[in-house]
Amino acid sequence: QVQLVESGGGLVQAGGSLRLSCAASGRIFGNYVMGWFRQAPGQEREFVAAIRWTSGTTYYTDSVRGRFTISRDNAKNTVYLQMNSLKPEDTAVYYCAAERDGRTAYAKGAYDLWGRGTQVTVSS
């Protein structure tokens with residue numbers, strides 16, 4: 001059973017950068033879609049970005065496109081989320097997830113493997 005562990009969260013000022021990592025304890029297979037979601041207090045968990053493991057095709061929600069970059073290191077079984085030009089509204093717990101059927105990138109309900117999350121706080 002693959003387990004996902006996020007790291008790299010923290011407190012940063014607006015305009016700053018953070019890089020989140022998601023390390024998989026087991027093998028990530030080619031049909032996986034690896035995604036990042038976030039959940040702010042009192043809000044629904046929302047899609048942020050995703051990447052297809054084999055092709056490297058990426059997907060972003062509009063609010064982060066151009067500021068965030070998702071990438072993966074196949075050899076390290078690790079997915080990254082580089083976050084630049086951070087805004088206070090980016091404050092949330094960020095979760096890594098795996099969609100193991102490769103059918104979709106955006107649908108939260110299709111992801112069946114989740115990490116525990118890492119807190120990102122952006123001060124104004």
Side-chain angles (χ1 to χ4, degrees):
Q1 176 77 348
V2 175
Q3 292 185 327
L4 305 176
V5 179
E6 304 94 336
S7 62
L11 173 64
V12 64
Q13 288 187 333
S17 299
L18 284 174
R19 188 176 82 155
L20 305 184
S21 299
C22 171
S25 61
R27 180 184 172 189
I28 299 177
F29 292 91
N31 56 319
Y32 282 27
V33 176
M34 301 299 297
W36 285 97
F37 290 76
R38 66 186 180 187
Q39 187 168 18
Q43 297 188 18
E44 295 282 332
R45 192 172 299 187
E46 65 173 0
F47 171 81
V48 176
I51 187 167
R52 291 194 176 274
W53 191 251
T54 298
S55 69
T57 302
T58 57
Y59 309 84
Y60 297 94
T61 191
D62 287 345
S63 62
V64 308
R65 187 174 288 113
R67 300 189 298 122
F68 291 10
T69 302
I70 188 170
S71 62
R72 89 282 195 217
D73 186 324
N74 298 59
K76 294 183 178 181
N77 272 354
T78 299
V79 179
Y80 303 98
L81 185 68
Q82 177 66 44
M83 306 186 295
N84 299 327
S85 302
L86 282 161
K87 304 175 181 180
E89 51 263 43
D90 294 318
T91 295
V93 177
Y94 283 70
Y95 296 90
C96 177
E99 200 278 66
R100 293 184 281 186
D101 291 331
R103 296 170 298 172
T104 181
Y106 299 99
K108 179 177 58 178
Y111 288 78
D112 58 351
L113 189 63
W114 292 84
R116 293 186 175 184
T118 185
Q119 176 71 47
V120 171
T121 303
V122 184
S123 63
S124 57

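- Formation of a donor-acceptor pair under 3.5 Å by the R67 side chain with backbone atoms of S85 is found in this model.
- What you find for S63 and R38 is that their closest heavy atoms are OG-NH2, 3.5 Å.
- Panel note: side chain T78, backbone K76; a donor-acceptor pair is recorded below 3.5 Å.
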Between D90 and K87, is the salt bridge (charged side-chain N to carboxylate O under 4.0 Å, His left out) condition met? List the steps.
CA-CA 5 Å; D90 294 318; K87 304 175 181 180; over 6 Å; no
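- The distance from the OH atom of Y111 to the SG atom of C96 is 9.5 Å, given to the nearest 0.5 Å.
- Looking at R100, its side chain never comes within 3.5 Å of a backbone N or O of Y32 through a donor-acceptor pair.
- Between K108 and E46 there is no salt bridge, since no side-chain N of the basic residue sits under 4.0 Å from a carboxylate O of the acidic one.
- Within the 4.5 Å cutoff, the side chain of Y95 has no heavy atoms near those of the L4 side chain.
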With side-chain contact (heavy atoms from CB on, under 4.5 Å) as the criterion, how do T121 and V12 come out once you've worked through the C-alpha distance, each side chain's angles and the decisive distance to 0.1 Å?
CA-CA 6 Å; T121 303; V12 64; over 6 Å; no
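- The side-chain heavy atoms of F68 and L81, taken from C-beta on, include a pair separated by under 4.5 Å.
- Taking both residues in full, the closest heavy atoms of T104 and A110 are given as CG2-CB, 3.2 Å, listed atom of the first, atom of the second, then distance.
- Every residue two or more places apart in sequence or in another chain that forms a side-chain hydrogen bond (donor to acceptor under 3.5 Å, both in side chains) with Y59 is listed here: R52.
- Across all their heavy atoms, V2 and A24 have their closest contact at CG1-CB, 3.9 Å.
- In this structure, T54 and N31 have side chains that are not in contact, with every pair of non-hydrogen atoms separated by 4.5 Å or more.
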For M83 and Y94, run side-chain contact (heavy atoms from CB on, under 4.5 Å): C-alpha distance rounded to whole Å, both residues' side-chain angles, the deciding distance at 0.1 Å, then the answer.
CA-CA 11 Å; M83 306 186 295; Y94 283 70; 3.9 Å; yes
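- Y80 pairs in a side chain to side chain contact (heavy atoms under 4.5 Å, CB included) with only one of the listed residues (T69, I51, D73), which is D73.
- Within the structure, salt bridge (Lys or Arg N to Asp or Glu O under 4.0 Å) contacts touching residues 5-21 (residues at least two apart or in different chains) do not occur.
- Remark: side-chain polar atoms of T118 are paired, donor with acceptor, to backbone N or O of G9 under 3.5 angstrom.
- No donor-acceptor pair under 3.5 Å is formed between the side chain of E99 and the backbone N or O of M34.
- With hydrogens and angles disregarded, a donor-acceptor distance shorter than 3.5 Å links the side chain of T91 to the backbone of V122.
- Taking each heavy atom of G56 and R72 in turn, the nearest pair found is N-NH2, 3.6 Å.
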Give the intermediate values and the outcome of ring pair (Phe, Tyr, Trp, His ring centres under 6.0 Å) for residues Y60 and F47.
CA-CA 8 Å; Y60 297 94; F47 171 81; 8.3 Å; no
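- In plain terms, the two heavy atoms of A14 and P88 that are nearest each other are CB-CD, 4.1 Å.
- Here CG of D101 is found 13.0 Å from CZ of F29. Values are rounded to the nearest 0.5 Å.
- Contact annotation: the side chain of L20 approaches that of W36 to within less than 4.5 Å [non-hydrogen atoms, C-beta and beyond].
- Side chain of N77 to main chain of G26: a donor-acceptor pair is present (N/O by atom type, distance under 3.5 Å, no hydrogens or angles).
- A side-chain donor-acceptor contact under 3.5 Å links S25 to the backbone of Q3.
- More than 12 heavy atoms of other residues, nucleotides or ligands sit less than 6.0 Å from atom CZ of R65.
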